[in-house]
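Okay, so here's the structure we're looking at.
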Amino acid sequence: MSSKLQNFVKFGRTIICVGRNYRAHASELGNPIPSEPFVFLKPVSSYITQGQDIKLPLGASEIHHEVELGVVIGSRCSSVTESNIPDHIGGYFLALDMTDRNRQKSAQTKGLPWTVAKGFDTACPVSDFVPKDRIPDPQNVDLWLKVNGNLRQSGNTKLMIFPVKKLISWISERITLEEGDVILTGTPEGVGPVRSGDIIECGLGDITKMKYSIK
Ligand SMILES: O=C([O-])CC(=O)C(=O)O
Ligand SMILES: [Mg+2]
């Protein structure tokens with residue numbers, strides 16, 4: 001295993017995020033169920049690791065937590081078929097897709113991109129790298145998130161509309177993926193606002209967990 005993958009944050013390649021990959025989450029925000037995957041990007045500067053705090057961005061009125069399974073790409077993928085995707089997965093991690101919900105809604109209404117709503121500084125808190133053999137089936141992993149000890153999100157990756165293999169294959173037909181690129185695979189339902197002083201704890205079943213404070 002390349003040490004670049006274990007240090008995927010420092011390696012710092014493209015962060016691709018999948019939107020509305022769980023029906024219940026698309027519905028809870030009043031959005032249609034996608035008929036094919038859709039993706040957006042976060043800048044690499046939005047990564048933070050445990051020990052750093054999530055900072056509420058300037059002028060933000062509603063910052064939401066979204067807990068997600070992250071995949072680290074292990075080798076170059078260009079038009080890779082679904083059956084060959086497992087060979088290209090380098091490992092996994094737990095991620096928060098922190099979202100400025102009001103800015104996202106306003107951008108969406110105006111037909112503008114979500115870049116600032118999803119890519120502000122500290123918008124991508126992540127866990128340590130999880131070796132691939134710890135997750136033999138990425139379509140059966142529990143995802144949970146608590147704010148100040150109260151359970152807010154509880155889902156399982158089997159509820160994804162487009163499974164990991166499909167997502168990576170679909171992306172690789174349009175965007176070449178390289179070693180160290182990561183994919184955030186979308187959030188289950190239960191997203192909601194956080195305030196200064198809150199503590200988020202979340203996990204991938206009991207495989208890995210992480211804790212972040214909101215500054
Ligand atoms: O902001 C959204 O609802 C889209 C998204 O990132 C997700 O579904 O994980
Ligand atoms: Mg998300």
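Order of appearance sets the numbers: ligands from 1, and atoms from 1 within every ligand.
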Does D121 come within less than 4.0 Å of K55, counting only side-chain N to carboxylate O? no
Hey, are E201 and K146 close enough for a salt bridge, meaning a charged N less than 4.0 Å from a carboxylate O? no
Do the rings of F38 and W114 sit parallel, tilted or perpendicular, given the 30° and 60° boundaries? perpendicular
Return yes when atom CZ of R23 has more than 12 non-hydrogen atoms of other residues, nucleotides or ligands closer than 6.0 Å, and no otherwise. no
List below, pair by pair, the N or O atoms of ligand 1 and of the protein that are less than 3.5 Å apart, including the distance to 0.1 Å; reply 'none' if no pair qualifies.
unit_1: ligand 1; atom_1: 1 (O); unit_2: E66; atom_2: OE2; d: 3.1
unit_1: ligand 1; atom_1: 1 (O); unit_2: R101; atom_2: NH1; d: 3.0
unit_1: ligand 1; atom_1: 1 (O); unit_2: Q104; atom_2: NE2; d: 2.8
unit_1: ligand 1; atom_1: 1 (O); unit_2: K118; atom_2: NZ; d: 2.7
unit_1: ligand 1; atom_1: 3 (O); unit_2: H25; atom_2: NE2; d: 2.7
unit_1: ligand 1; atom_1: 6 (O); unit_2: E66; atom_2: OE1; d: 2.9
unit_1: ligand 1; atom_1: 6 (O); unit_2: D97; atom_2: OD2; d: 2.9
unit_1: ligand 1; atom_1: 6 (O); unit_2: K118; atom_2: NZ; d: 2.9
unit_1: ligand 1; atom_1: 8 (O); unit_2: R20; atom_2: N; d: 2.7
unit_1: ligand 1; atom_1: 8 (O); unit_2: H25; atom_2: NE2; d: 3.4
unit_1: ligand 1; atom_1: 9 (O); unit_2: E66; atom_2: OE1; d: 3.0
unit_1: ligand 1; atom_1: 9 (O); unit_2: E68; atom_2: OE2; d: 2.9
unit_1: ligand 1; atom_1: 9 (O); unit_2: T187; atom_2: N; d: 3.0

Member of E82, K165, E36 meeting the side-chain contact (heavy atoms from CB on, under 4.5 Å) criterion with W170: E36
Residue pairs passing the salt bridge (Lys or Arg N to Asp or Glu O under 4.0 Å) test where at least one lies in residues 206-215, sequence neighbours excluded: none
Identify whether the distance between the nearest side-chain nitrogen and carboxylate oxygen of R152 and E66 falls below 4.0 Å. no
Sorted by chain and number, protein N/O/S atoms nearer to the Mg ion (ligand 2) than 2.8 Å are E66 OE1, E68 OE2, D97 OD2
Apart from F11 itself, what residues make up its hydrophobic cluster, given side-chain heavy atom links below 4.5 Å? none
Check this for me, if you would: do K158 and D137 make a salt bridge, where the nitrogen-to-carboxylate-oxygen distance has to be below 4.0 angstrom? no
